[in-house]
Number of protein chains: 2
Amino acid sequence: MSNEDRYDALFKALGHRVRRRILDIIKDQPKTTGALCAVMTDIDRCTVMQHLSVLEKAGLVVVERRGRERWNHLDALPIYDVQKRWIGPYAAHAISMLGELEALAAPDASAQAPVAVKNA
Amino acid sequence: MSNEDRYDALFKALGHRVRRRILDIIKDQPKTTGALCAVMTDIDRCTVMQHLSVLEKAGLVVVERRGRERWNHLDALPIYDVQKRWIGPYAAHAISMLGELEALAAPDASAQAPVAVKNA
DNA sequence: TTGACATGTTATAATTTTATAACATTATAG
DNA sequence: CTATAATGTTATAAAATTATAACATGTCAA
């Protein structure tokens with residue numbers, strides 16, 4: 001699987017609020033599928049399972065099978081990775097653009113601290 | 001528009017390799033739609049425009065109209081914002097999990113520097 | 001003014017995603 | 001062993017996305 005494939009899967013997985021909600025729920029401790037559905041009463045169990053499989057394909061959820069239970073664990077490493085390799089550079093680009101705007105707005109204030117970064 | 005709406009739009013926009021490619025192309029200097037299509041010969045002009053509108057809705061592309069030309073600028077600020085508020089915390093979570101694994105692997109090495117954070 | 005260039009709009013087909021329903025499988029408690 | 005709890009599978013419908021085609025509009029240059 002190429003990096004592009006991985007980014008497609010990851011961003012697509014993050015691109016639905018129900019899936020982000022699932023990640024939030026299992027962030028601090030894993031949950032069985034049943035426990036997850038018990039919390040998300042507004043969403044059908046099958047739908048939850050489909051979302052879980054999308055998250056699993058993106059590598060964000062790791063499944064541990066215990067008897068008849070399925071424990072869904074968060075694995076945030078793909079998020080860390082995409083931050084490092086993709087998001088981070090773009091965020092840095094945004095900051096440097098802000099810096100250029102600053103420079104344009106106050107061309108002779110070179111001693112001043114970069115306001116945009118300060119607000120980060 | 002809520003934050004969830006914004007994240008939906010942003011992650012969805014990033015979830016297609018053609019759109020990420022467009023962002024890469026206009027990252028360092030804006031391009032007209034025509035110039036963009038001239039570079040992406042493998043993709044139909046209409047398709048490129050549809051992708052541009054998805055990027056525009058996500059706030060990643062800002063359009064400057066000059067005569068009959070449409071100049072597409074990158075605005076990476078939404079990426080910076082989502083990194084700060086969403087991606088960053090999850091990436092940090094990943095790192096802290098790595099830290100816990102480290103601790104498990106070497107329980108008595110408490111004086112050692114946290115390797116995972118060092119590599120961040 | 002007019003022809004051609006750059007872009008925009010509308011329509012449509014194919015594909016993918018999302019949500020549910022109905023039924024199937026597996027494992028545990030009693 | 002067997003009823004039931006937990007999960008899985010298959011099927012299907014509705015909605016959204018992606019890719020193209022055909023046609024429309026606006027603008028510049030001669």
Side-chain angles (χ1 to χ4, degrees), chain A residues 1-2 4-26 29-73, chain B residues 1-2 4-23 25-26 29-74:
Chain A
M1 194 166 62
S2 76
E4 290 300 302
D5 288 334
R6 262 183 285 273
Y7 291 162
D8 275 358
L10 183 63
F11 284 128
K12 251 177 220 166
L14 297 180
H16 197 291
R17 66 193 63 193
V18 168
R19 288 193 287 262
R20 292 196 300 278
R21 200 168 136 210
I22 290 176
L23 295 184
D24 279 343
I25 294 171
I26 66 172
Q29 66 288 314
K31 284 229 184 315
T32 67
T33 305
L36 204 54
C37 294
V39 176
M40 316 181 71
T41 50
D42 52 326
I43 290 146
D44 190 87
R45 183 181 65 91
C46 295
T47 307
V48 171
M49 285 188 64
Q50 272 186 130
H51 283 306
L52 278 174
S53 104
V54 172
L55 289 167
E56 211 181 338
K57 275 171 199 152
L60 290 169
V61 163
V62 173
V63 169
E64 173 206 1
R65 197 160 290 286
R66 294 178 64 174
R68 66 181 160 183
E69 291 172 334
R70 166 196 163 119
W71 286 83
N72 303 281
H73 297 253
Chain B
M1 194 166 65
S2 75
E4 289 301 301
D5 289 335
R6 263 183 285 272
Y7 291 162
D8 275 359
L10 182 63
F11 285 128
K12 253 176 218 166
L14 297 181
H16 197 290
R17 66 193 65 192
V18 168
R19 289 193 286 262
R20 292 195 302 276
R21 199 168 137 207
I22 290 176
L23 296 183
I25 293 171
I26 66 173
Q29 67 287 315
K31 285 231 183 313
T32 67
T33 305
L36 202 55
C37 294
V39 177
M40 315 181 73
T41 50
D42 52 327
I43 290 148
D44 191 86
R45 184 180 65 89
C46 296
T47 306
V48 170
M49 288 188 61
Q50 274 187 127
H51 282 306
L52 278 174
S53 104
V54 172
L55 289 167
E56 211 181 339
K57 275 171 199 153
L60 290 169
V61 163
V62 172
V63 169
E64 174 204 4
R65 197 161 292 285
R66 294 177 66 174
R68 67 180 159 182
E69 291 172 334
R70 164 196 164 119
W71 286 83
N72 303 282
H73 297 252
L74 170 69

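Letters A, B, ... mirror the listed sequences (proteins, then strands); counts begin at 1.
- Both Gly15(A) and Gly67(A) lie near DNA chain C, and the one whose nearest nucleotide falls closer to the 5' end is Gly15(A).
- The residue among Val48(B) and Gly34(A) whose nearest nucleotide of DNA chain D is located toward the 5' end is Gly34(A).
- When distances are taken from the side chain of Arg65(B) to each of dT7(C), dT7(D), dT20(D), the shortest belongs to dT7(C).
- A side chain to side chain donor-acceptor pair (under 3.5 Å) with Glu4(B) is found for one member of Arg20(A), Arg17(A), Arg21(A), His16(A) and no other, namely Arg20(A).
- As rounded to whole Å, 6 Å separates atom C1' of dT7(C) from atom CZ of Arg45(B).
- Of the two residues contacting DNA chain C, namely Val18(A) and Glu69(A), the nearest-nucleotide position lying further toward the 5' end is that of Val18(A).
- Using a 4.0 Å heavy-atom distance criterion, Thr33(A) is classed as a sugar-phosphate-only contact.
- Here the side chain of Arg68(B) is nearest to one of dT7(D), dT18(D), dC5(C), namely dC5(C).
- Counting only heavy atoms from C-beta on, His16(B) has its side chain closest to dT18(D) among dT18(D), dT7(D), dG8(C).
- dT18(D) atom P lies 11 Å from atom CD1 of Ile22(B), rounded to whole Å.
- One can place NE2 of His51(A) at 9 Å from C1' of dT17(C), the figure rounded to the nearest angstrom.
- Taken to the nearest 0.5 Å, the NZ atom of Lys57(A) stands 13.5 Å off from the CG atom of Asp5(A).
- Atoms CG and CG, from Asn72(B) and Leu52(B) in turn, are 4.5 Å apart once rounded to the nearest 0.5 Å.
- Between Thr47(B) and dT18(D) there is no side-chain N or O to OP1 or OP2 distance below 4.0 Å.
- In this structure, the CZ atom of Arg70(B) is 9 Å from the C1' atom of dG8(C), given to the nearest Å.
- Between the CG atom of Asp44(B) and the P atom of dT17(D) there is a distance of 19 Å, rounded to whole Å.
- Trp71(A) has its CH2 atom 12 Å from the C1' atom of dA6(D), to the nearest Å.
- The interatomic distance linking Met49(B) (CE) with dT17(D) (C1') rounds to 17 Å, in whole Å.
- Side-chain contact between Leu14(B) and Leu23(B) is present, with at least one heavy-atom pair separated by less than 4.5 Å.
- Separating the CZ atom of Arg21(A) from the P atom of dT18(C) is a distance of 15 Å, rounded to the nearest angstrom.
- Here the CD-NE2 distance, from Gln29(A) to His73(A), works out to 11.0 Å after rounding to the nearest 0.5 Å.
- Using a 4.0 Å heavy-atom criterion, one finds that Gln50(B) contacts the bases of the nucleic acid, with or without backbone contacts as well.
- Across all strands shown, Arg66(B) has no heavy atoms under 4.0 Å from either base or sugar-phosphate atoms.
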